[in-house]
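For reference, positions follow the sequence shown, starting with 1. Note that these values count all heavy atoms, side chains included, but never hydrogens, waters or copies made by symmetry.
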Amino acid sequence: MELELPLIITFIGYLLTTLLIGFFAYKATNTLSDYILGGRQLGPGVTALSVGASDMSGWLLLGLPGAIYLSGISEVWIGVGLVIGAFFNWLLVAPRLRSFTEKAGNALTIPEFLENRFNDKSHLLRFISALTILIFFTFYVSSGLVGGAILFEKVFGLEYVTALIVGAVVIVSYTFLGGFLAVSWTDFFQGCLMLIALIILPIVTLNELGGIDQTAQLLTQINPDYGNLFKNFSWIGFFSLMAWGLGYFGQPHILSRFMAIRSVDDIPKSRNIAMIWMVLSLIGALSVGLVGIAYYAEQPLENPETIFIFLSKAILNPWVAGVIIAAILSAIMSTIDSQLIVCSSVIVEDFHKNFTKREVSENELVWLSRLSLLAIAILATIVALDPKSSVLGLVGYAWAGFGSAFGPTILLALFWSKYNRLGALASIATGTIVVICWPLLKEFGGLFELYEMIPGFSLAFLAGYLVSKYTGHLDPHSEAVFNELSK
């Protein structure tokens with residue numbers, strides 16, 4: 001890709017802006033609660049776009065447009081499943097989780113909430129859930145750093161290792177300084193940038209192609225199936241794509257935003273903003289893929305997932321293209337920073353504070369969180385040194401893994417008074433094991449071709465229900481806490 005001065009200046013300007021946001025967040029961070037949850041003072045707008053940006057990641061600007069470019073509109077079903085799942089996550093989980101976590105010992109993390117909810121004196125539930133989060137997110141961060149490095153590589157022509165280090169330093173710098181506030185404020189900025197990019201690019205490309213009618217005719221001439229929603233339709237494929245929405249109920253980096261919003265009363269407004277942003281963004285990503293088919297009809301791209309990058313360079317003014325390509329980095333960064341802050345909070349809140357008896361000050365805890373974040377980032381960077389590392393194969397498990405292990409656990413903990421500690425342990429263990437083992441059965445075909453989220457989520461939910469019902473080890477204090485929180 002030809003390197004242009006406007007592109008470099010715009011890109012560097014974007015990176016400096018994120019660091020400036022990190023500095024201002026640093027000045028506003030004084031306690032561990034500030035660093036982990038922003039003092040539970042996020043406004044509805046920042047919460048909404050922070051959820052969207054940290055959720056969608058590079059998939060929105062690279063993966064989905066690439067899938068549409070390759071196969072046509074039939075790939076949109078995964079977006080439909082995500083919209084439905086996100087809506088019910090906001091509707092069912094957000095208000096109760098915000099209230100429960102504050103009143104149940106002012107829990108700052110999901111593992112701490114589960115321990116308080118079930119009055120688990122053994123700390124086993126907290127330890128298992130924290131360890132699961134830490135392992136999954138270390139691999140997730142690593143894969144995100146690989147994506148960022150590849151972007152730097154393609155745009156600036158850097159060597160892979162150099163590109164990896166540059167990307168890691170930028171992301172870690174503002175997250176290290178400002179913690180959750182820096183992550184949320186930059187996610188808000190990044191969410192706005194992503195939406196603008198997804199609106200501008202297809203509109204300008206449509207104009208270049210001669211309008212909607214001309215583009216539609218061109219798509220039909222290339223392949224009539226590009227406009228067919230039910231191309232190669234199968235019920236297993238359909239339910240597998242729709243099942244992606246189930247993952248929302250168990251994603252720690254999304255749930256932490258619900259815990260941090262200013263009040264339960266702000267949630268409906270935040271939900272409306274988040275859903276409008278999500279629907280418009282998905283429509284934009286779909287449009288980029290479709291206009292990309294028409295624009296590159298005579299010279300198809302080797303890698304479909306680069307359609308957003310190359311279309312921006314071909315169509316837009318270099319200054320605007322710099323902003324658009326910065327939006328791709330935004331999408332990648334907005335997920336990595338969220339995952340890093342969750343990892344650091346788990347290390348400090350769920351391991352250090354829980355298993356170390358020594359009293360430390362709030363300032364020491366904040367700096368311990370920063371150092372924990374740095375350690376996780378360094379570990380993830382080391383794993384990511386090989387761009388073809390097998391760790392990338394685990395990314396497909398991560399969404400299903402969190403969704404299956406924590407989705408049923410969170411739902412049952414929030415809505416069923418008889419759910420107990422053993423049931424929660426059974427849900428987490430069952431969801432994790434099924435998601436890891438299910439792909440090994442796909443070679444048998446048939447029902448085993450289902451996305452692992454469906455069996456993982458279903459069996460974890462069933463395990464939690466049955467174990468809770470038949471063990472009968474319900475802690476009276478736990479039930480009393482639930483009844484009090486439910487009022």
Rounded to the nearest 0.5 Å, what separation is found between the [atom1] atom of [X] and the [atom2] atom of [Y]?
{"X": "I261", "Y": "L97", "atom1": "CD1", "atom2": "CG", "answer": "11.5 Å"}
{"X": "L374", "Y": "T381", "atom1": "CG", "atom2": "OG1", "answer": "9.0 Å"}
{"X": "M194", "Y": "L61", "atom1": "CE", "atom2": "CG", "answer": "5.0 Å"}
{"X": "L311", "Y": "T205", "atom1": "CG", "atom2": "OG1", "answer": "4.0 Å"}

Over all heavy atoms of both residues, which pair between [X] and [Y] is shortest? Give the atoms and the distance, please.
{"X": "A400", "Y": "V435", "answer": "O-CG2, 3.5 Å"}
{"X": "A405", "Y": "T409", "answer": "O-OG1, 2.8 Å"}
{"X": "V141", "Y": "A380", "answer": "CG1-CB, 3.6 Å"}
{"X": "L198", "Y": "V288", "answer": "CD2-CG2, 4.4 Å"}
{"X": "I454", "Y": "A243", "answer": "CG1-CB, 3.3 Å"}
{"X": "S122", "Y": "R421", "answer": "OG-NH1, 3.4 Å"}

Atom pairs and distances, donor-acceptor, side-chain atoms in residues 273-285, under 3.5 Å, two or more places apart:
unit_1: W277; atom_1: NE1; unit_2: G191; atom_2: O; d: 2.9
unit_1: S281; atom_1: OG; unit_2: W277; atom_2: O; d: 2.7

* Do the ring planes of F249 and F457 sit parallel (below 30°), tilted (30 to 60°) or perpendicular (above 60°)? -> tilted
* Asked: Going by the angle between their ring planes, with limits at 30° and 60°, are W399 and Y248 parallel, tilted or perpendicular?
  -> perpendicular
* Begin with the C-alpha distance, continue with both residues' side-chain angles, and end with the deciding distance and a verdict on side-chain contact (heavy atoms from CB on, under 4.5 Å) for Q251 and F406. => CA-CA 7 Å; Q251 304 299 320; F406 291 106; over 6 Å; no
* How far apart are the C-alpha atoms of I9 and W319, what are their side-chain angles, what is the distance that settles it, and do they pass the side-chain contact (heavy atoms from CB on, under 4.5 Å) test? -> CA-CA 8 Å; I9 294 174; W319 292 98; 3.9 Å; yes
* Side chains of R257 and T47: do they bring a donor and an acceptor to under 3.5 Å? -> no
* Short side-chain donor-acceptor distance under 3.5 Å, T101 and R40 ->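 Yes, side-chain donor-acceptor contact under 3.5 Å.
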* Side-chain donor/acceptor of R271 to backbone N/O of F87, under 3.5 Å -> no
* Hey, is the main chain of A429 close enough, under 3.5 Å, to the side chain of T432 for a donor-acceptor pair? ->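 No: the side chain of T432 does not pair with the backbone of A429.
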Heavy-atom side-chain contact between [X] and [Y] under 4.5 Å:
{"X": "V346", "Y": "I110", "value": "no"}
{"X": "L70", "Y": "I293", "value": "no"}
{"X": "M242", "Y": "I84", "value": "yes"}

* To do: Applying salt bridge (charged side-chain N to carboxylate O under 4.0 Å, His left out), name anything that partners E75, two or more places apart in sequence or on another chain.
  =>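 Scan of E75 (salt bridge (charged side-chain N to carboxylate O under 4.0 Å, His left out), adjacent residues dropped) gives none.
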* State yes or no: are the ring centers of W90 and F258 separated by less than 6.0 Å? => yes
* Within 6.0 Å of CZ in F88, more than 12 heavy atoms from elsewhere ->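 For F88, atom CZ is not crowded (no more than 12 foreign heavy atoms under 6.0 Å).
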* To do: List the steps, then state whether side-chain contact (heavy atoms from CB on, under 4.5 Å) holds for L201 with S312.
  => CA-CA 7 Å; L201 187 56; S312 301; 3.6 Å; yes
* Check the pair L134, V342 against side-chain contact (heavy atoms from CB on, under 4.5 Å), reporting the backbone distance first and the verdict last. => CA-CA 8 Å; L134 204 58; V342 170; over 6 Å; no
